[in-house]
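Below is one structure, written out as structure tokens; the observations come after it.
Quick caveat, the model's predicted, so the values are computed rather than measured. A, B, ... follow the sequence lines: proteins, then strands. Residue 1 opens every chain.
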Protein chains: 2
Amino acid sequence: MRNLRRMVKALEAYSMAVEKRYGLTGPQLWALWELSRSGPMGLKDLAERMYLNPSTVVGVVDRLVEKGLVARDPDPSDRRRVSLDLTPRGSELLKDSPHPAQGQLLHGLQGMSLKEVQDLHASTATLVKVMEAENLDATFFFADG
Amino acid sequence: MRNLRRMVKALEAYSMAVEKRYGLTGPQLWALWELSRSGPMGLKDLAERMYLNPSTVVGVVDRLVEKGLVARDPDPSDRRRVSLDLTPRGSELLKDSPHPAQGQLLHGLQGMSLKEVQDLHASTATLVKVMEAENLDATFFFADG
DNA sequence: GCAAATTGATTCGTGTTCAAACAATGTGAA
DNA sequence: TTCACATTGTTTGAACACGAATCAATTTGC
């Protein structure tokens, strides 16, 4: 647990440093990166790619639009949807900014041997599986009573 | 990264379930638990035990005091400090509430073999070390300009 | 013994996160 | 066709989480 906590904290600290330097928080940078990687998309799609609640992403996108890095365009084929895309300034900024949060973790992994990475992946996968199963149980348990 | 994300998310989901059931969020339960474990202490101490910024813990404690689960007493030996302690209601509630957030992770670990747990611990420790070192570098780098 | 630095708690401003509720739009079945 | 239902994006309200600034109390340095 302490290690998990410290990993999250290290990522947060990294995010703060990036924010100081580039005026972008971790989630903001991450959103830009996803838009750059996978082209224009709707808000729901972006939220799914980021494993976040759509209502959360609205705020992140709001701030990016305010900064002129992302454009919200109407989607002619479905008027419920908005098409999110980088502005020229957005892609420009993305070019010389660091990897988004994950980058640090990736960098961290590069300092480990292949076997270590494989072990880590295997054990976290197991742990996640057990935890998510636990969670289902808890949901049913709490729902019952 | 996905696994890390999923672990955090699983913990969040668990926290939500607990909140629905007991009216306590994860951090609140965690604070109660630390107070129960390590007796009365100042806010800074509690913040350190929770790996959180003191300013964050103020809010958590506020809500616990409001619920009548924690008392803020003056410390006669140092009048800057406040002594945080469980109220009787607080310890009562803690008795039949589930393990705080970590509990789920702990439970998860119990589903793994000793070797798996050891591997997991070793690899996360390595990863944390690399990430924190990275972070120091980044701080200096960004500080330089 | 008193000024200066430090420490502990708090407040403030910004940003992230979720669930719940809502409006607008699209879809499918009676 | 029409009406119930689903989907998409948004708003709202609560709780975290951080750093910076503030304030009182304490410790230090001279």
| said: Can you see if the side chain of Thr56(A) gets near the phosphate of dC18(C) - specifically, an N or O under 4.0 Å from OP1 or OP2? | reply: yes

| task | Just compare dT11(D), dG15(C), dT26(D) and give me whichever is closest to any side-chain atom of Arg63(A). | result | dG15(C)

| field | Between dG26(C) (P) and Arg81(A) (CZ): distance, integer Å | value | 11 Å

| query | Is it true that Arg63(A) and Glu66(A) make a salt bridge, defined as a side-chain N closer than 4.0 Å to a carboxylate O? | reply | no

| So, the side chain of Lys67(A) versus the backbone of Leu24(A): is there a donor-acceptor pair under 3.5 Å, distance only? | no

| Would one find a side-chain N or O of Ser55(B) under 4.0 angstrom from OP1 or OP2 of dC18(D)? | no

| Which nucleotide in the set dG9(D), dA17(D), dT10(D) lies at the smallest distance from any side-chain heavy atom of Pro54(A)? | dT10(D)

| query | In whole Å, what is the span from the CG atom of Leu24(B) to the P atom of dA15(D)? | reply | 11 Å

| Integer-rounded Å distance: dG9(D) C1' and Asp78(A) CG | 11 Å

| note | The nucleotide from dT17(C), dC18(D), dG15(C) with an atom nearest the side chain of Leu52(B) is dC18(D)

| Does a side-chain N-to-carboxylate-O contact under 4.0 Å join Arg37(A) and Glu34(A)? | yes

| note | note: Asp73(A), atom CG; dG9(D), atom C1'; distance rounded to Å ~ 15 Å

| note | Here the distance between atom P of dG8(C) and atom CE of Met41(B), to the nearest Å, is 14 Å

| Just how far, in rounded Å, is P of dC18(C) from CE of Met50(A)? | 10 Å

| request: Between Val60(A) and Ser77(A), name the one whose nearest nucleotide on DNA chain C is closer to the 5' end. | output: Val60(A)

| task | Indicate whether OP1 or OP2 belonging to dT10(C) is found under 4.0 Å from a side-chain N or O atom of Arg72(B). | result | yes

| said: Taking the nucleotide of DNA chain C with the nearest heavy atom to each, does Arg79(A) or Gly59(A) sit closer to the 5' end? | reply: Gly59(A)

| field | Atom-pair distance (CG on Asp62(B); C1' on dA9(C)), nearest Å | value | 11 Å

| Salt bridge Arg72(B)-Asp62(B), side-chain N to carboxylate O under 4.0 Å | yes

| said: Closer than 4.0 angstrom, basic N to acidic O: yes or no for Asp45(A) and Arg81(A)? | reply: yes

| query | Closer than 4.0 Å, any side-chain N/O of Asn53(B) to the OP1 or OP2 of dA17(D)? | reply | no

| said: I want to confirm an ordering. Mapping Val58(A) and Arg80(A) to their closest nucleotides on DNA chain D, which one lands closer to the 5' end? | reply: Arg80(A)

| note | Of dA19(C), dT25(C), dT10(C), the nucleotide closest to the side chain of Val82(B) is dT10(C)

| task | Find the distance Lys44(B):NZ to dC18(D):P and express it as a whole number of Å. | result | 13 Å

